[in-house]
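Following: one structure in structure tokens, then a few remarks.
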Amino acid sequence: MSNVVIAPMLVALVTAILTLVTRARPRLQRTVSLFGGGGYVVAVGVLTWRVFSGPVLTYQLSGWTAPYGITLVADQLAAFMLAMSAVVTIAALAFSTDYIEAFGQQIVYHPLFHLMVVGVTGAFLTGDIFNLFVWFEVMLMPSYVLVVFYSGPDHTRAALQYTVLNLIGSAVMLLAIGGIYATTGTLNMADLAVRLSNPEAFGITVGPVVGLAALLFAVFALKAGIVPFHFWVPSAYEAAPAPVSAMLAGVTKKVGVYAIIRLLFTVFGAAQLDLGPFGDGSMLLFFGPILLVMAIASAFLGGFGAVGQSNLDRLLAYSSIAQVGFIVLPLAIVATIPLTDGGTVAVLGGEFTVPTGAGTDGLRVLGIVAALLYALNHAVAKSLLFLVSGTINAAVGTIETDELGGLTRSRPYLSGAFLIGGLSLVGIPPLMGFFGKLTVFDTAATAMATNGTVGEIAAVTALGGAILTIAYVSKAWNDAFWGTESMAVVRATAQPLALLSIVVVLALVLVVLGIGLDPVYEGAHGAASAALDRGAYIDAVGPSYAEVQS
Amino acid sequence: MMGSVLAAGGEAGAYVPAREPQFVLAVVLGLLFALGTFLVLRRDIVRVVWGITILSQAANVYLVTMGGLAGSVPFVGHGDHGATATTDPLVQALVLTAIVIGFGTTAFALVLTYRVYEEHGTIDLTEIGDTHE
């Protein structure tokens, strides 16, 4: 029981409320919002430091023991994701204060932004699947409004699409949760893992959970924008203001990725059953091939889509679809290949045993490390690129690539930041993206040793996706930054220095993350191990099975 | 020792849930989901919003059903049936939360519909799609 677990959430919530009550005084409101953002970073920093230097921290709401109360769990995976989102959040927030019109900021922007952060934080920290649903909703509701922020014809249409798809997703998620509760009798993730690995002791059948987990998985894929659930991505990212697009691509998308890792690897992977054509073993084997097909489709559909775009935001949105394909590709590889050592660990003082999540060869850990490193690269690089696009919009007034050109001459720093972000997506050393790509390829190569076909398919996909990335990044670079200066660029005189400085700082972060990779890699490794260490997770939550019935 | 009220299906010797209401509800749920899906696929945005509302309400009814419809007492020792088991209260709490969330999202979806009408002068989805590019 540790109060520091809820600190980030409380800071964001209090900031949201304070920015609501200070609306009459815009300057004060902006200051409060920025300080709140800073406080959030500090809170996340303290929590991350505590989690990485000690055991898994939990917070049992109102002191109710698991599985009867709501449990919040901060393990290294959650802390890694929180730290990632904190970097993007503070950059996007600082960008917003200068980018969004004063009136818009005063009315709704700041409270909504912080409420979205509350939802994201809760989703990373919760240890309860219904609570996860609630945090998803808390995250989504502000994001609906932020997508429709400018409320022009295109924005309302994009927001309608985004809202309707996500509302259907919410209904489906509720169905899956209800079904899981009826089948297993619990909503607590740790408890769920214990029950799924000891079905006889609890008198439950595991079979139906496969289908229910697949429903949940579809909802997470919708949030992450993986093909075939990607339809909302391009128009929503184009419609939203640049800093909001940065948040959507950098943070809320990662919530979907996090949920896939947490639920599939930590929880549902604990179930052992005969999956017919998918093989006999962990439930992960069912999701592996599906995820693999979706990852391949995302990498190619997103990549080809991005090459054809003439609007910078749309290009980046399609690129996001492709990059999420890259993030889930290593997850798909390791989920497809059965564990080499199917041992078990004793949990809850030896009362039960659960199957180990990580095998002796370390392939599972490597796959999740690759996904996390790539997710971090995508979070920082893509939000940097969206903010560059926003700065161009503020400076030149357009982000259509046929109206841009020759930006390198008049705006070298801005162009440099775009180049760094683009090169990081491509994966050029010493930028962060290189190490992300390297570990993805490493996972594919290691997988070839045990399961040749899966490894080869993944390697070909990664290669094809990388070539497409080079294609669309160089297209954007050639059209907008190189060549002769267009009329719009020549006429533009605005010098948004504040925006530019944020963009440059974020580009430097990308370089620093690449050069000083060691602690980042250690962090990702710790997070991946935590995602697979079911024993530590379950023991930290400590569901008790004492008799409660009279 | 696994005989917690939360254990699925209860334990042997506990009450057997009545079949009829579950059967009726299963049919009703099927119809609600069919209707919701039908409405979501309409061209008229208002109908789409209705469809979503019906879908989310159907999910709520489903959640209540998942708690087991035994027609049993709300509290142990309540009533004179000598009941030792209760209707699962957790799903009711979940549904309350879901209803509140559904209320907020429906309100937003309706406001958004009005906003779409103001911007496009129509609520026909096919005509809205035409304005792009």
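Atom set for the values below is all heavy atoms of this structure, side chains included, hydrogens, waters and symmetry mates excluded. Each chain gets a letter, A, B and so on, in the order its sequence line appears, and its residues count up from 1.
The distance from atom CD1 of B:I128 to atom CD of A:Q161, rounded to the nearest 0.5 Å, is 11.0 Å. Here OG1 of B:T105 is found 11.0 Å from CG of A:N166. Values are rounded to the nearest 0.5 Å. Within the model, atoms CG of A:D154 and CD of B:E119 stand 9.5 Å from one another, a figure rounded to the nearest 0.5 Å.
In this structure, chain B has heavy atoms under 4.5 Å from both the backbone and the side chain of A:V164. Residue B:V116 touches chain A through both its backbone and its side chain, counting heavy-atom pairs closer than 4.5 Å. Proximity to chain B involves both the backbone and the side chain of A:Y144, based on heavy atoms less than 4.5 angstrom apart. Interface remark: B:V49 contributes no atoms to any contact with chain A (heavy atom separation under 4.5 Å). Residue A:L140 does not touch chain B at all, counting heavy-atom pairs closer than 4.5 Å. If you measure heavy-atom distances from A:V138 to chain B, you find no contacts under 4.5 Å at all. Contact of B:F33 with chain A is made through the side chain alone, with heavy-atom distances under 4.5 Å. In this structure, chain B has a heavy atom under 4.5 Å from the side chain of A:T163, while its backbone stays farther away. Proximity to chain A involves both the backbone and the side chain of B:I101, based on heavy atoms less than 4.5 angstrom apart.
For chain B, the option among A:S170, A:S235, A:G179, A:A159 with the highest count of heavy-atom pairs below 4.5 Å is A:G179.
The environment of CH2 in B:W50 is sparse: at most 12 heavy-atom neighbours from other residues, nucleotides or ligands sit within 6.0 Å. Within a 6.0 Å sphere centred on OH of A:Y150, other residues, nucleotides and ligands contribute more than 12 heavy atoms.
The side-chain contact (heavy atoms from CB on, under 4.5 Å) test with A:L167 singles out one residue from B:T53, B:V40, B:I52, B:T106, and that residue is B:I52.
Annotation: side chain of A:R157 is in contact with side chain of B:H120 (closest heavy-atom distance under 4.5 Å). Contact of the B:L94 side chain with the A:L174 side chain is not registered, since no non-hydrogen atoms from C-beta on lie closer than 4.5 Å.
Across all non-hydrogen atoms, the minimal contact from A:A182 to B:M66 is CB-SD, 3.2 Å. Across all their heavy atoms, B:S56 and A:A171 have their closest contact at CA-CB, 4.2 Å.
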Trace of the side-chain contact (heavy atoms from CB on, under 4.5 Å) decision for B:L90 with A:Y181
CA-CA 10 Å; B:L90 183 67; A:Y181 179 63; 3.6 Å; yes
Verdict with supporting geometry, B:L125 and A:L160, side-chain contact (heavy atoms from CB on, under 4.5 Å):
CA-CA 10 Å; B:L125 278 168; A:L160 188 70; 3.8 Å; yes
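Without hydrogens or angle criteria, B:R115 side chain to A:T156 main chain gives no donor-acceptor distance under 3.5 Å.
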